[in-house]
Amino acid sequence: MAFRTLRELDVTGHRVLLRADLNVPVKEGVIQDATRIRETLPTLKHLLEGGASVVMCSHLGRPKGEGFEVAFSLAPVAKWLRDNGFDATLANGVVGEAVTAQAAELKPGQVLLLENLRFEKGETKNKPEFCEALARLADTYVDDAFGSSHRAHASVAGVVPLFPRDRTAAGFLMEKELKALGKVLHHPEKPLVAVMGGAKVSDKI
């Protein structure tokens, strides 16, 4: 399974659109389990330590796609990042002039976390204009959201061809998952047992 890894990218001075899986459980504005955030930290730290600024994006839950809904805001994730030592700011939305201006002002080592991608219908419908708006926020694309990459959504599918091929890569979590999957699909060691599960078993079946 061939793919470009993060180690093959020179990100010095670049602004990176990082698609992460930050779909964490939140109750009354407090994150109940930060595992998914922690899993993408090696990728985020590598980018920041390599001299990049990062525009981070994710969905959270299933909002209606008609604009901001406080229950699905990524504000608790932005706070978690700040509390854990990151220079992180929550964007004034998902795309648009204000968000583009915020992204343009980023300095190396800083993070701009976009609001919930699914506040915009263009995300789940993979609308070309939404893909273009996302792509304008950065010059490099890194996908570290393995758990969402089976969906033909803008942030994991439609946006990718809008970046130069040599400016796209898999993050460390994505790399780990793809390598594990590759062993099962292409070089399985027998006996082999597949265990399927998770919160949405019907999706997996």
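The residues of the chain are indexed from 1 along the displayed sequence. All values below were derived from every heavy atom in this structure, side-chain atoms included, with hydrogens, water molecules and symmetry-related copies excluded.
Partners of His14 according to the ring pair (Phe, Tyr, Trp, His ring centres under 6.0 Å) rule, which considers only residues two or more places apart in sequence or in another chain, do not exist here. For Lys176, the salt bridge (Lys or Arg N to Asp or Glu O under 4.0 Å) test picks out no residue, with sequence neighbours left out. The ring pair (Phe, Tyr, Trp, His ring centres under 6.0 Å) test applied to Phe86 returns no partner, not counting sequence neighbours. In this structure Phe163 satisfies the ring pair (Phe, Tyr, Trp, His ring centres under 6.0 Å) test together with Tyr141, sequence neighbours excluded.
A distance-only check finds a donor-acceptor pair linking the side chain of Arg4 to the backbone of Thr168 [under 3.5 Å]. Asn92 places no side-chain N or O within 3.5 Å of a backbone atom of Ala98 that could act as its donor or acceptor partner. A donor-acceptor pair under 3.5 Å is formed between the side chain of Arg118 and the backbone N or O of Gly61.
Rounding to the nearest 0.5 angstrom, the gap separating the CG atom in Leu18 from the CG atom in Leu47 is 6.0 Å.
Listed by first and then second residue, the ring pair (Phe, Tyr, Trp, His ring centres under 6.0 Å) pairs involving residues 94-129 are Phe68-Phe119 (not counting sequence neighbours). For the salt bridge (Lys or Arg N to Asp or Glu O under 4.0 Å) condition, the pairs that include at least one residue of residues 70-94, sequence neighbours left out, are Lys79-Asp83.
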Could you go through the side chain to side chain contact (heavy atoms under 4.5 Å, CB included) check for Leu90 and Glu115 one step at a time?
CA-CA 7 Å; Leu90 183 66; Glu115 259 297 4; 3.6 Å; yes
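With Leu44 as reference, Val111 is the one residue of Val111, Asp144, Ile37, Val16 to meet the side chain to side chain contact (heavy atoms under 4.5 Å, CB included) rule.
A 4.5 Å side-chain heavy-atom check between Leu48 and Val54 finds at least one atom pair inside the cut-off.
For the residue pair Thr43 and Phe172, the shortest heavy atom distance occurs at OG1-N, 2.8 Å.
Taking a 6.0 Å sphere around CD of Glu28, one finds it holds 12 or fewer heavy atoms contributed by other residues, nucleotides or ligands.
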